[in-house]
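Just so it is clear, the values below take in all heavy atoms, side chains as well, and ignore hydrogens, waters and symmetry mates. Proteins come first, then strands; the chains are lettered A, B, ... in the order of their sequence lines, and each starts at number 1.
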There are 2 protein chains.
Amino acid sequence: MKDILYKYMSRWTSLNEEEQQAIMDEIHIEHFKKGTVLFKQGDAPTKCYFILKGCVRQYSIDEEGREITSNFYTEEQAIAIFNHHKPDKRSDYTYTCVEDTVMVVGDLETEQDMYNKHPQLETMTRMMIEENLGQVQEEFAAFIAASPEERFKTLQMKRPSLVDRVPQHQLASYLGMTPESLSRIKKRIHQDPR
Amino acid sequence: MKDILYKYMSRWTSLNEEEQQAIMDEIHIEHFKKGTVLFKQGDAPTKCYFILKGCVRQYSIDEEGREITSNFYTEEQAIAIFNHHKPDKRSDYTYTCVEDTVMVVGDLETEQDMYNKHPQLETMTRMMIEENLGQVQEEFAAFIAASPEERFKTLQMKRPSLVDRVPQHQLASYLGMTPESLSRIKKRIHQDPR
DNA sequence: CTCGTCTCTTGACTTAAGTCAATGCACGTA
DNA sequence: TACGTGCATTGACTTAAGTCAAGAGACGAG
């Protein structure tokens, strides 16, 4: 199953035997049951993850006690919390498995050591994060300009499977609307799909 | 003026003389007049920027020919386009100076060479981008859950000077609303500032 | 299999933001 | 200084999404 990770990594760089081994030593694959909480809002994360199979939801609780879903991570996406700018390094979000999920789990403690030993790895990580940043900026820009209805249509285009995999009220929150609105938008599109 | 850059960099790592010199050799400071276009939607960027003084707007043109502003970069923010996932490496956005702007300009061509010579630099860049990603994710999450009025109030809190520095119709677009709505929201807040 | 809970849908009503249009103001240019 | 363009404001009206509430359906626990 680790070959999925290697395939993903090979998009940026080719690693030699030694580097591959270094990764093998530091990571392991774990299975998580649906509903498992990876870590909670307020915890300081010590791990990072790469999803091989499954789906993880990122959410926080607002002042009125409502869950705000701010991301869904699926196959071939990395989950890493970047809190360098926060003094206490605590996560603002809770991460929980929407389905049974298989992930590569890496240890943040030994991260810098590995980079020092294998600069190639750091280059790869840097590029992965750069791509990630580019994608988030792009998503954000698209989100700003779109109405709730357009946002749903865009999601249907870009991540069609997500619409089926995820509870609708969570999806609604992720799209910045109420569950009622999402229900009506789906109905509207069904009646008059342009 | 380069000391602003060094000060910023020193938040992550301390560089030795040689590394500082390497940076000096590769970057230079440029002054841009208000209205200058750094590069256009559809161009493949060859530079990256770090703002010492001034403000740069990122926008694109939608199907109806309207300008959608998706970001404002100000002092101590970096502008780098990450298009690894795009086959043609072209930018989706146009970047233009909202004010007279002073920036550090770096060359993307020699980037990887520099990292190879000075791994310390790559570590620093990686961390800067990680912080950047964390911030964008945070902004995005906040944007999703907020109404237009709340988004304006948040911006007033977090980047108060931006509200004065930037034309209102551009600000409105950045906040995902029409200029008319922004005008009314400002009026509403003024009358009943809670 | 049944109960209870949670989720989704639907309806009636409210409200904030969008649209269209007119006016007034500020600014740069000639 | 006077003009013209573009931006901000305001008004009247429309509309999509939010809110509140009720009912139907799905699902898991026992």
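Within a 6.0 Å sphere centred on CZ of B:Arg159, other residues, nucleotides and ligands contribute more than 12 heavy atoms. Atom NZ of A:Lys89 is surrounded by more than 12 heavy atoms from other residues, nucleotides or ligands within 6.0 Å.
Each of B:Lys34 and B:Leu182 lies near DNA chain C, and the nucleotide nearest B:Leu182 is the one positioned closer to the 5' end.
Contact annotation: A:Ser181 reaches the phosphate of D:dG18 (side-chain N/O to OP1 or OP2, under 4.0 Å). OP1 or OP2 of D:dG18 sits under 4.0 Å from a side-chain N or O of A:Thr178. Taking 4.0 angstrom as the limit, A:His169 places a side-chain polar atom (N or O) nearer than this to OP1 or OP2 of C:dC8. Listed pair A:Gln170 / C:dT7 fails the phosphate criterion, with no side-chain N or O lying under 4.0 Å from OP1 or OP2. For the OP1/OP2 pair of C:dT19 and a distance below 4.0 Å, the side-chain nitrogens and oxygens of B:Arg184 include no atom meeting the criterion. Look at B:Ser183 and you won't find any side-chain N or O under 4.0 angstrom from OP1 or OP2 of D:dA8.
Hydrophobic cluster membership differs between A:Met103 and A:Leu52, with clusters built from Ile, Leu, Val, Met, Phe, Trp and Tyr side chains linked at under 4.5 angstrom. Residue A:Phe32 is grouped with residue A:Ile81 when hydrophobic side chains (ILVMFWY) are merged at heavy-atom distances under 4.5 angstrom, including chains of intermediate members.
Rounded to whole Å, atom C1' of D:dT15 lies 14 Å from atom CD of A:Glu150. Counting to the nearest Å, the P atom of C:dT10 and the CZ atom of A:Arg188 are 13 Å from each other. The distance between atom CD of B:Glu180 and atom P of D:dG6, rounded to the nearest whole Å, is 17 Å. Between B:Phe152 atom CZ and C:dA17 atom P the separation is 12 Å, expressed in whole Å. A:Met177 has its CE atom 9 Å from the C1' atom of D:dA17, to the nearest Å. The distance from atom CG of B:Leu175 to atom P of C:dA17 is 11 Å, rounded to the nearest whole Å. In this structure, A:Lys187 places its NZ atom 15 Å from P of D:dA16, rounding to the nearest Å. If you take CD of B:Gln168 and C1' of D:dT10, they are 13 Å apart, rounded to a whole angstrom.
Of the candidates A:Tyr73, A:Phe72, A:Phe143, A:Tyr174 forms a ring-ring contact (aromatic ring centres under 6.0 Å, His included) with just one, namely A:Phe72.
At a threshold of 4.0 angstrom between heavy atoms, the contacts of A:Glu149 are confined to the sugar-phosphate backbone, with no base atom among them. Within the 4.0 angstrom heavy-atom criterion, only backbone atoms of the sugar-phosphate kind lie near A:Pro167; the bases stay farther away.
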